[in-house]
Protein chains: 2
Amino acid sequence: MAGKRSRVGIVDVARRAGVSVGTVSKALNGRGQLRAETRDRVRVAAQELGFVPSAVAASLHSGRTYTVGLIMTDHHGRFSLPILHGAEDALGWDETLAFVCDTRDDPIRERHYVRSLARRRVDGIIVAGRRTEPRPPLAGEVTVPVVYAFARSAEPADCSVVVDEEGGAVLAVRHLLRTGRRRIAHVTGPHGHASVRARVDGTVRALREAGVELVGEPWYGGWSEVWGRFAAAALVREHPEVDAIFCGSDAIGRGVADGLRDSGRRVPEDIALVGVDNWLPTAEGCRPSLTSVDLDLQRVGRTAGALLLEAIQRGRTEPGTHTVPCRLVVRASSAPRQ
Amino acid sequence: MAGKRSRVGIVDVARRAGVSVGTVSKALNGRGQLRAETRDRVRVAAQELGFVPSAVAASLHSGRTYTVGLIMTDHHGRFSLPILHGAEDALGWDETLAFVCDTRDDPIRERHYVRSLARRRVDGIIVAGRRTEPRPPLAGEVTVPVVYAFARSAEPADCSVVVDEEGGAVLAVRHLLRTGRRRIAHVTGPHGHASVRARVDGTVRALREAGVELVGEPWYGGWSEVWGRFAAAALVREHPEVDAIFCGSDAIGRGVADGLRDSGRRVPEDIALVGVDNWLPTAEGCRPSLTSVDLDLQRVGRTAGALLLEAIQRGRTEPGTHTVPCRLVVRASSAPRQ
DNA sequence: TCGTCCTTTGTGAACGCTAACAAGAGGTTC
DNA sequence: GAACCTCTTGTTAGCGTTCACAAAGGACGA
């Protein structure tokens, strides 16, 4: 029904309300001093004409676009999506919208997107990394604030928001100790992986605090269920006394649960289990449902969004790494000993 | 290093290259007739100054922003993400970027985002629905082309891109028939669900073509593994002769696999299994790995993006529903009978 | 030597807003 | 009644591009 004319603009509203364009602008943006009656008249005229002010024209004038770029490198999005949601929550307060760019971990694509975002004059950029080593800072001359989420920037002066992975491990192990377990093992992902290291450190620290030793060495492997099944079988053979296993991911945890059942051990009666990710399909599909450390990525995103907004306002990022705590979600796999 | 000055604009480049702004515009956009030497001089000047042209100024003039809105309603993103990726692929050809808006299935949020996108003068909107009934068309006066992806619009004159769910079922059942199975049952999601209906129809049609009857009625339930486990146990009790089960989702399929194992049936030796979604963590974590119908949502997204681009160019969407086929990904759970 | 045409470059008016400033109306104060 | 407020509203110059058109300069034929 829009009519054939190009689009209703502020001058149309002005004409209809019998005022000048400046007055319309003031009335609609609630700025300046205006008689209430005039303001209403303008509002009514705008309403009747279906006037939708152009943010692009406003941006051209103000220099702010109220848009940000959200670069994600995690193709299947298990990690990026909650970050996106959190960021959206924070940005919503400022009526800011996000351009989402999936780089597919390709530096060429990344450069391309950064250029594209710069041309669009985004007010800032959030880089949502994968769980991995610190990532190189954004390539190219970026003149707007950048906040790194989940994977910190290799440059310490950049602003990064990360998960307290070590603290998450501490949470998990303390929980297992509280349920009365003492012979705790750790099955986790690839050796050398940054978050694997952090979790091992947290595990050892929490155990040491309680005067307990880890059963055997950490079992390094992959992130898959297959690895979990395999590790579980080997683990109970090598350390039959084990009564709890902290697993580096829910997938591993689920594999371990299946492997233990195959080996004739009951979860949680004989062996308690805790995973990491709190990824519902896996944690809740597990038999029994899997207690898990939630990385609270949505909060990571929310924090990143809030920091970015702040940085945009002051023109510069608050440098440094901000750490967000994990939460433990308790399910059947770690029920206390009867 | 950008310097304290506001930003380098086209006039700075013009001054440096010793030409007028019009000439710079022509040189950088490759329009009009220019001496090659001039063009190069401008390019060099722009390069040296680190000039990044403002897309917002260009948009103001041209009326096109080369941005689209991508509204997703599927909070956990299992379906939206592949659609987003596909759309990105298509839009990339036009240097178009997408604003991603998660409505969380809340009409208030949806209206809010639509207004926000309108103010930003996006060139078009993609609405990525969840697998469910047709959804009501976008509320509010939308003056740009809209393409609905995955969940079609309830308004048939709108442009929708959907998956051929019935065809996917046909694919699955034909595959099971080809592996020598004849006593095929169907365990699926909630009764009344549109895609559940479509799959039942496809299943019955493919069986009928082969002169075979479905074993029992379809088993309607939920989408979860728990339901799959339960249904498997009941199914083999009621129909011990069953030699294949087509499952309405990978989660159901995985539950069925576990349930069958618990009931002492072997997969695929005794009973073959096919799921839907080809959701890697579930399908590959399954024991044995699960043959699955891939909805090819990335292709849905790509098609939607391409249709939107086309619509933007011609100013109007091509009305009607476009259907994209599914693919079958064969894994261990449907190995032919020895 | 002039007119014509072609090629290359410059000029200035949009695009749709915002905000600084100007201006007009009416009221107080001395 | 002049000077000075205050309260409203109008005017207009940007914001950073693009593009239609004008203009300038050469080449060329008559």
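The structure presented is a predicted model; accordingly, all values stated were derived computationally and were not measured. Convention: sequence-line order gives letters A, B, ...; per-chain numbering from 1.
For residues 301-319 of chain A, the set of pairs meeting the salt bridge (Lys or Arg N to Asp or Glu O under 4.0 Å) definition, not counting sequence neighbours, comprises E310(A)-R314(A), R314(A)-E318(A). Evaluation of the ring pair (Phe, Tyr, Trp, His ring centres under 6.0 Å) test over residues 47-73 of chain B, restricted to residues two or more places apart or in two chains, returns none. Pairs of residues two or more places apart, or lying in two chains, never qualify as salt bridge (Lys or Arg N to Asp or Glu O under 4.0 Å) while including a residue from residues 147-159 of chain A. Pairs passing the ring pair (Phe, Tyr, Trp, His ring centres under 6.0 Å) check and including a residue from residues 77-103 of chain A, sequence neighbours excluded, read F79(A)-F150(A), H85(A)-H75(B), F99(A)-F99(B). Among residue pairs with one or both ends in residues 16-46 of chain A, none qualify as ring pair (Phe, Tyr, Trp, His ring centres under 6.0 Å); sequence neighbours excluded.
Residues from residues 28-51 of chain B that place a heavy atom under 4.0 Å from any atom of DNA chain C, listed by number: Q33(B), L34(B), R35(B), T38(B).
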Just the atom pairs and distances: protein N or O near nucleotides 10-13 of chain D's N or O, under 3.5 Å.
unit_1: dG10(D); atom_1: OP2; unit_2: S20(A); atom_2: N; d: 2.8
unit_1: dG10(D); atom_1: OP2; unit_2: S20(A); atom_2: OG; d: 3.2
unit_1: dG10(D); atom_1: OP2; unit_2: T23(A); atom_2: OG1; d: 2.8
unit_1: dG10(D); atom_1: O6; unit_2: K26(A); atom_2: NZ; d: 3.1

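Rounded to whole angstrom, the span from the CG atom of L60(A) across to the C1' atom of dT18(D) amounts to 13 Å. Following rounding to the nearest Å, R119(B) (CZ) and dG16(C) (P) show an atom-to-atom distance of 17 Å. One can place CD1 of I10(A) at 6 Å from C1' of dC17(C), the figure rounded to the nearest angstrom.
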Side-chain donor-acceptor distances from residues 21-33 of chain A under 3.5 Å, at least two apart:
unit_1: T23(A); atom_1: OG1; unit_2: S20(A); atom_2: OG; d: 3.2
unit_1: S25(A); atom_1: OG; unit_2: N29(A); atom_2: ND2; d: 3.4
unit_1: N29(A); atom_1: ND2; unit_2: S25(A); atom_2: O; d: 2.9

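Ion pairing between D40(B) and R35(B) fails under the 4.0 Å rule for side-chain N and carboxylate O.
For R130(B), the side chain to side chain contact (heavy atoms under 4.5 Å, CB included) partners two or more places apart in sequence, or in a different chain, are T73(B), D74(B), D105(B), T132(B). By the side chain to side chain contact (heavy atoms under 4.5 Å, CB included) test, A57(A) pairs with S54(A), L60(B), sequence neighbours left out. Checked against ring-ring contact (aromatic ring centres under 6.0 Å, His included), Y113(B) has no partners two or more places apart in sequence or in another chain.
Terminal axes of the helix from dT1(C)-dA30(D) to dC30(C)-dG1(D) (five pairs each, C1' rotation axis) are separated by 70°, to the nearest 10°.
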